[in-house]
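In what follows, chains are A, B, ... by sequence order, proteins preceding strands, each numbered from 1. Values below: every heavy atom of this structure, side chains too, minus hydrogens, waters and symmetry copies.
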Number of protein chains: 2
Amino acid sequence: MASSRADPYRALFHKLAMLNSLSAEELDGIKSLPLRPQRFRAGATIISSGQLVSECCLLVEGYACRHKLASDGGRQIVSFHVAGDILDIQHLLFEKADHNVQTITDAEVVFFPMRDLRRLIEERPEVGKALWRDCLVDASIFREWVLNVGRRDARMRIAHMLCEFAAKCEAAGLGSPAQFTLPMTQEDIGDATGLTSVHVNRMLRQLADEGLIARAGREIRIADWPRMQEAADFQPDYLHLAA
Amino acid sequence: MASSRADPYRALFHKLAMLNSLSAEELDGIKSLPLRPQRFRAGATIISSGQLVSECCLLVEGYACRHKLASDGGRQIVSFHVAGDILDIQHLLFEKADHNVQTITDAEVVFFPMRDLRRLIEERPEVGKALWRDCLVDASIFREWVLNVGRRDARMRIAHMLCEFAAKCEAAGLGSPAQFTLPMTQEDIGDATGLTSVHVNRMLRQLADEGLIARAGREIRIADWPRMQEAADFQPDYLHLAA
DNA sequence: CGTCAAATTGACAAGGCTCAAGTGCCGTGG
DNA sequence: CCACGGCACTTGAGCCTTGTCAATTTGACG
């Protein structure tokens, strides 16, 4: 993977283009930010809770997640991320990380100095608006996750997580519900849905037996997208994929 | 309740003062926004999911919550709110509501036209920064709720919810962990923690039996704050109450 | 005093967890 | 090229936390 260095802006601009109409000057402003590229191996921690953060981290290639730890060591994943996602925009206004960011696969990220980003936002408020909007989408997804984990049964939770991930991948140009890569382990899926990996396994089998999904290694197909959305109670409005 | 109209800005400015150093001019800018006060009875819906929203809603007095509904009718509360909280700042950049806002007690709110708020933010970027920060705190709390509902057992979930609410009330000048009002029903607490009201009742009794809390009607005391925080796995960092 | 919503309690059911064993896959090194 | 090791995946059995259902009690308020 990632043997050649990818264009660090492509995925981000692709996402911004769907929601905001940033001018060429504003995009150039982003391009003119100094950046520090870095590769991480699968499972590496990019940001640890409690850490002081002075850079903003953009995922260029690969997959990542954000998670928090409970006192008993239990891990709760709070979001999954694909290429083009900004992993810690909250540090624009908070010094200290309140959760962890970790890669799921080998990944390539770029870091922007937060100070330069702040200056760019002052000069070009539309850039700030686009990033603020991104934060609001994040928050909306967190709310849906609270609902998912709090009020849906295991089968539905997993179906929902799969639908959301499929939709995110499709929006990022990384496949479609009919064919995408599910890079995380069943343990990860459990940590995202508040279940154990054992039960995740059983539910994935059940969804496959029902003909809703078809698995082949890390590749997955949602075999019946309408019925799957129904089974998942998935209504993509909360992703705010359209402006 | 709320028989006399409260100063609509007091609680909000109190909160903003803790985190941001807005100038007198910026605060005056907020005060100069046209506003529409409105009273709601307990249990009233202020904003419904799917609705087009063109005003921003500030809670001036009373308590409210935000929630989402699952396809089976299950309700998941995603946040509780006290005086001074902005209930739907996301509509600054989203037209359509993706969740519901409901009062818990009789409440007084004021609505600002979103358009005027946008103009104020353009003129005074520091106001935008303060509001953006507020969004980020919201998002941080949502992440903690995902953890709470996903990875903690019933007793801990409820203890955590109580600690958070106590901390929010204290920050808003509405009491202290040693004495505050718990305005929501046990049904509401269940909807916030992903439990049934029956089990909430059992756990509240257990927490009381353990000497962690003392209840008297809607008034509640956290009898042993250090031990309660321990039992709740409550570390208030995620509330970002200090700048 | 009557009414109604909320709180409380008990008995029983069930969804999901724990523990445990075994399988499959893939990268690595001999 | 094959053997090995490790991690993820799979499956089964039994248990436990929490949900369901139902009956009472309590408390606020007219």
Side-chain angles (χ1 to χ4, degrees), chain A residues 1 41-44 63 70 72-77 103-106 148-162 181-209 213-220 231, chain B residues 1 41-44 63 70 72-77 102-106 148-159 161-162 181-209 213-220 231:
Chain A
M1 65 78 47
R41 308 309 310 254
Y63 299 89
D72 67 351
R75 181 176 74 143
Q76 178 66 46
I77 292 178
T103 56
I104 289 175
T105 59
D106 289 355
N148 200 40
V149 171
R151 279 289 180 241
R152 296 197 180 110
D153 67 18
R155 171 174 165 278
M156 213 175 212
R157 276 185 222 183
I158 291 174
H160 193 279
M161 192 237 98
L162 292 176
T181 300
L182 201 63
M184 65 288 279
T185 65
Q186 294 180 4
E187 184 91 37
D188 293 330
I189 298 175
D191 285 348
T193 51
L195 301 165
T196 58
S197 61
V198 172
H199 206 59
V200 169
N201 185 282
R202 289 194 259 256
M203 293 299 107
L204 284 176
R205 153 161 301 280
Q206 191 186 326
L207 291 171
D209 288 348
I213 61 173
R215 293 178 295 160
R218 286 287 160 92
E219 295 302 299
I220 186 167
Chain B
M1 63 82 43
R41 309 310 308 255
Y63 299 89
D72 68 350
R75 182 175 74 143
Q76 178 65 49
I77 293 177
Q102 197 173 8
T103 56
I104 289 175
T105 60
D106 289 355
N148 200 40
V149 171
R151 281 289 181 241
R152 296 197 180 109
D153 67 19
R155 170 174 165 278
M156 213 175 212
R157 276 186 222 181
I158 291 174
M161 191 236 99
L162 293 175
T181 300
L182 200 63
M184 64 288 281
T185 65
Q186 293 180 4
E187 184 91 37
D188 293 330
I189 298 176
D191 286 347
T193 52
L195 301 165
T196 58
S197 61
V198 172
H199 206 59
V200 169
N201 186 283
R202 289 194 266 252
M203 293 298 107
L204 284 175
R205 156 161 299 280
Q206 189 185 329
L207 290 171
D209 288 347
I213 62 173
R215 291 178 296 160
R218 286 287 158 91
E219 295 301 300
I220 185 167

Report the distance from atom [atom1] of [X] to atom [atom2] of [N], rounded to the nearest whole Å.
X	N	atom1	atom2	result
Q186(B)	dG19(D)	CD	C1'	16 Å
D209(B)	dT9(C)	CG	C1'	13 Å
R205(A)	dT23(C)	CZ	C1'	13 Å
I189(B)	dA5(C)	CD1	C1'	16 Å
N201(B)	dA22(D)	CG	P	19 Å
E219(A)	dC26(C)	CD	P	12 Å
Q206(A)	dC9(D)	CD	C1'	18 Å
R218(B)	dT26(D)	CZ	P	17 Å

Work out which heavy atom in [X] is nearest to a heavy atom in [Y]; give both atom names and the distance.
X	Y	answer
T105(A)	P183(A)	CG2-CB, 3.6 Å
T193(A)	M161(A)	CG2-CB, 4.2 Å
R75(B)	R151(A)	O-NE, 2.9 Å

Would R152(B) and D72(A) pass as an ion pair if we require N to O under 4.0 Å?
->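 Looking at D72(A) together with R152(B), the answer is no, because their closest N to O distance does not fall below 4.0 Å.
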No-hydrogen, no-angle side-chain donor-acceptor test under 3.5 Å, R202(B) and H199(B) =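 Yes, side-chain donor-acceptor contact under 3.5 Å.
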Footprint string (nucleotides 11-18 of chain C, 5' to 3'): B base within contact, S backbone only, - free, heavy atoms under 4.0 Å | B----BBB
